[in-house]
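To keep things clear, I will list the structure first and then write my remarks on it.
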Amino acid sequence: MQEPDLLAIRAIITRHKRWDLFFGVLGICCLMVGVLTLVALFVDMWSSGAERLSLDFLSSFPSRRAGQAGILAAWVGSVLVMLVTASFAIPLGVAAGVYLEEYAPKNWLTDIIEINVSNLAGVPSIVYGLLGLGMFVYTFGLGRSILTAGLTLALLILPVVIVVTREAIRAIPQMIREASYACGATTWQTVRDHIVPYSSAGILTGVIIGMARAIGETAPLIVVGAVTFIAYLPPVPFTGEPAAGLFDWAREAFTVLPIQMFNWTARPDAAFHANAAAGLVLVAMTVGMNALAIWLRYRLRKNIKW
Amino acid sequence: MSVVSDRLKRSRVRNLREFGVETLLFLAAFVSVVVTLGIVYILISESLQFFQHVSLVDFFTDTQWTPLFADAHYGILVLISGTLTSSAVALAVALPLGTVVAIYLSEFASFRVREAAKPVLELLGGIPTIVFGYFALITVTPLLQKIYPDLPGFNILSAGLVMGVMIVPYVSSLAEDAMRAVPMALREGSYAMGGTRLQTALRVVFPAAFSGVASAYVLAISRAVGETMIVTVASGSQPNLTFNPAESAMTLASYIAGVSQGDLPHDSIGYQTIFAAGLTLFALTLALNIFGHWMRKKYREVY
């Protein structure tokens, strides 16, 4: 090979190596944009809201005066709405996932159900709010209540729960099922005693992620009619005069943490912006739940070897 | 013989229970179909009432959107322009960033970097949108105003930028999954021909994973179009027919959220407008989802 050729090839190699290096740096920079935004968000909320964060803040009702406002009604509302959401979304989602993986025959009806699940995952959350408003509030007459809010969010996270349940079930090797059938078990016995218990950790991960999404969701709850100023708590069952029924709390008007934060953020009065420290509680909750899910999944991947 | 008949009886009970359980599970799965039908029914039935007051021609050609004023105009183009502008800003951030991050994580990053970066990105994607909205309004807008002093307090730009960063994790995680699914043999072939990492990534892996990457893009677009809270908080409540990101504007979703805050009387025209806007939004995202599905089918490479 002639000397100039060799030099030319070397030049090409160095040039391409430089491009490689350049792209590596570019990749890290892009990654850093995401990470830094996360950090900036935390720092920002902490510096503006940390001073408001106290036990008083958690245990007082909203107020016209920024300095005395608290998030008691909001976080109690969030917990109750989540209770309703979980008690509908988890059984429905897991049952649907089990059906699609273990029972569903290959036919057009199954296809329709599957297409629907993947489509619902892409529907904007605010459209679920319209569904909740038209369906639960007016058609079913549930009013603008905790029940309505919980049901709306349950439908919103249903696709998440279904998809994760299916993935967790699909990870179970076929031989487990075959062993169970070989012992004479029926499909339901196999599902109840083997499939669901073995996939429960995976399902739990998905449920946590879905709940974290529901707890931070604002838009659909604005549409179904969240109240921004509530200065009382829903009745505790069997207390008060006359005694409240077991489920009376579910028919009460509601507010939740994101709604409270939205309300304070949207006010022109800057003093209320510090109260958006409510967001700090909210972020801590969602990040905590997501981190728990990530950790669970990590543990799962490490420990289970079929 | 009694033993056998006992068993037969038990098996009949067993079969009955099997059937009952299967029916219950099927009903649970069928809920998803019911929900879709419910959405379509609610949106269309309320919109039909709306279109009895407003003609379709006005709806699509009027250049003003003032449904709650005395001089009411119902030009959905106003809201669509806001939606497209904010989505365009968000996608201008999210698609390049997300793609580069995906290529980097899939082809360049070491195992440890990847294991550290993925959970962080996932956490970023899990932050409630209202928090991003707060961040856009309180932090990003003043920052942008230092660069462009003319920028109004409510603008599409800061909402779009923050929305873009929010969408990055969706793009990167899906696109990365698609690229990691490309078989090693393709990369090895490229390396054996003397390709560098970047050449392999851009000319072999990326095209091979294109169907997955494209569906990640479509998902990102559909997220941006449907995003509500960031725009509601940071872009103001002024319906503007504009494609200029430095102005304030309303999107389809932020109109719905903004109007719903007031107490709308049931069956009023204002109540019906949110369903008309919702139907438009639903149709937009449905078209995108179908397009994404089609892309995935058309460009899928089977190894």
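All values below were derived from every heavy atom in this structure, side-chain atoms included, with hydrogens, water molecules and symmetry-related copies excluded. A note on names: the letters A, B, ... follow the listed sequences, proteins ahead of strands, and every chain is numbered from 1.
With a threshold of 4.5 angstrom between heavy atoms, A:Leu120 approaches chain B through side-chain atoms but not through N, CA, C or O. Only the side chain of A:Ile294 comes within less than 4.5 Å of a heavy atom of chain B; its backbone N, CA, C and O stay farther away. Residue contact with chain B, scored on non-hydrogen atoms closer than 4.5 Å, involves the backbone and the side chain of A:Asp20 alike. With a 4.5 Å cut-off on non-hydrogen atoms, A:Phe262 touches chain B through its backbone and its side chain both. Heavy-atom distances place no part of B:Leu24 under 4.5 Å from chain A, backbone and side chain included. Only the side chain of B:Leu137 comes within contact range of chain A, with heavy atoms under 4.5 Å apart. Looking at B:Glu22, the atoms closer than 4.5 Å to chain A (heavy atoms on both sides) sit in the backbone and in the side chain alike. If you measure heavy-atom distances from A:Ala40 to chain B, the contacts under 4.5 Å come from both the backbone and the side chain. Only the side chain of B:Ile42 comes within less than 4.5 Å of a heavy atom in chain A; its backbone stays farther off. Using a 4.5 Å cut-off between heavy atoms, B:Val165 contacts chain A through its side chain alone, with no backbone atom that close. Using a 4.5 Å cut-off between heavy atoms, B:Ile138 contacts chain A through its side chain alone, with no backbone atom that close. Only the side chain of A:Leu109 comes within contact range of chain B, judged by heavy atoms closer than 4.5 Å. If you measure heavy-atom distances from A:Val287 to chain B, the contacts under 4.5 Å come from both the backbone and the side chain. Only the side chain of B:Val31 comes within less than 4.5 Å of a heavy atom of chain A; its backbone N, CA, C and O stay farther away. The contact between B:Tyr271 and chain A is made entirely by side chain atoms (from C-beta outward), counting heavy-atom distances below 4.5 Å. Within the 4.5 angstrom heavy-atom criterion, only side-chain atoms of A:Ile209, from C-beta onward, approach chain B. For A:Thr286, the part lying under 4.5 angstrom from a heavy atom of chain B is the side chain only. Proximity to chain A (any heavy atom under 4.5 Å) is shown, for B:Glu107, by neither the backbone nor the side chain. With a 4.5 Å cut-off on non-hydrogen atoms, A:Glu102 does not touch chain B at all.
The CE atom of B:Met166 lies 12.5 Å from the OG1 atom of A:Thr37; values are rounded to the nearest 0.5 Å. Distance CD1/B:Ile167 to OG/B:Ser172: 12.0 Å, rounded to 0.5 Å. Here CD of B:Glu176 is found 8.0 Å from OG of B:Ser173. Values are rounded to the nearest 0.5 Å.
A side-chain donor-acceptor contact under 3.5 Å links B:Tyr217 and B:Thr99. Side chains of B:Glu18 and A:Thr186: a donor on one and an acceptor on the other come within 3.5 Å. With hydrogens and angles left out, the side-chain atoms of B:Thr141 and B:Ser158 include a donor and acceptor closer than 3.5 Å. A donor and an acceptor atom, one from each side chain of B:Ser254 and B:Thr232, are nowhere located under 3.5 Å apart.
Heavy atoms of other residues, nucleotides or ligands lying less than 6.0 angstrom from CZ of B:Arg203 number 12 at most. The local environment of CZ in B:Phe19 is sparse, with at most 12 non-hydrogen atoms from other residues, nucleotides or ligands closer than 6.0 Å.
When each of A:Tyr138, A:Tyr103, A:Trp19 is scored by its heavy-atom pairs under 4.5 Å with chain B, the top score falls to A:Tyr138. Among the candidates A:Thr187, A:Leu158, A:Leu41, the residue making the largest number of heavy-atom pairs closer than 4.5 Å to chain B is A:Leu41. Taking chain B as the reference chain and counting heavy-atom pairs below 4.5 Å, the highest number among A:Met285, A:Arg213, A:Met289, A:Met261 is found for A:Met261. Among A:Pro220, A:Gly97, A:Ala96, the residue making the largest number of heavy-atom pairs under 4.5 Å with chain B is A:Ala96. For chain A, the option among B:Phe135, B:Phe30, B:Phe132 with the highest count of heavy-atom pairs below 4.5 Å is B:Phe135. Taking chain A as the reference chain and counting heavy-atom pairs below 4.5 Å, the highest number among B:Leu27, B:Thr139, B:Val162 is found for B:Thr139. Per-residue counts of heavy-atom pairs under 4.5 Å with chain A were compared for B:Arg223, B:Gln199, B:Glu46; the largest is that of B:Gln199. Chosen from A:Leu155, A:Asn290, A:Thr265, the residue pairing most often with chain B at heavy-atom distances under 4.5 Å is A:Thr265. Listed options A:Gly134, A:Cys30, A:Gly216 were ranked by heavy-atom pairs under 4.5 angstrom with chain B; first place goes to A:Cys30. Listed options B:Leu105, B:Leu43, B:Thr196, B:Leu121 were ranked by heavy-atom pairs under 4.5 angstrom with chain A; first place goes to B:Thr196. Between chain A and the residues B:Val233, B:Val35, B:Leu288, the most heavy-atom pairs under 4.5 angstrom are made by B:Val35. Taking chain A as the reference chain and counting heavy-atom pairs below 4.5 Å, the highest number among B:Val21, B:Thr285, B:Val101 is found for B:Val21.
The six-membered or imidazole ring of B:Phe275 lies away from that of B:Phe282, with a centre-to-centre distance of 6.0 Å or more. Taking the ring centroids of A:Tyr298 and A:Trp295, they lie at or beyond the 6.0 Å cut-off.
B:Ser235 approaches B:Phe154 most closely through the heavy-atom pair C-CB, 3.6 Å. Residues B:Gly125 and B:Pro169 share a closest heavy-atom pair of N-CG, 3.8 Å. In terms of heavy atoms, B:Gly226 sits closest to A:Pro124 at CA-CB, 3.7 Å. Nearest heavy atoms, A:Gly184 versus B:Arg14: O-NH2, 3.3 Å.
Note: B:Phe108 and A:Phe23 have tilted aromatic rings, judged against thresholds of 30 and 60 degrees for the angle between ring planes.
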Hey, mind stepping through B:Arg197 and A:His16 against side chain to side chain contact (heavy atoms under 4.5 Å, CB included) and telling me if it holds? CA-CA 9 Å; B:Arg197 276 193 170 201; A:His16 283 295; over 6 Å; no
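We find that A:Arg297 and B:Glu122 are joined by a salt bridge, their nearest charged nitrogen and carboxylate oxygen being less than 4.0 Å apart.
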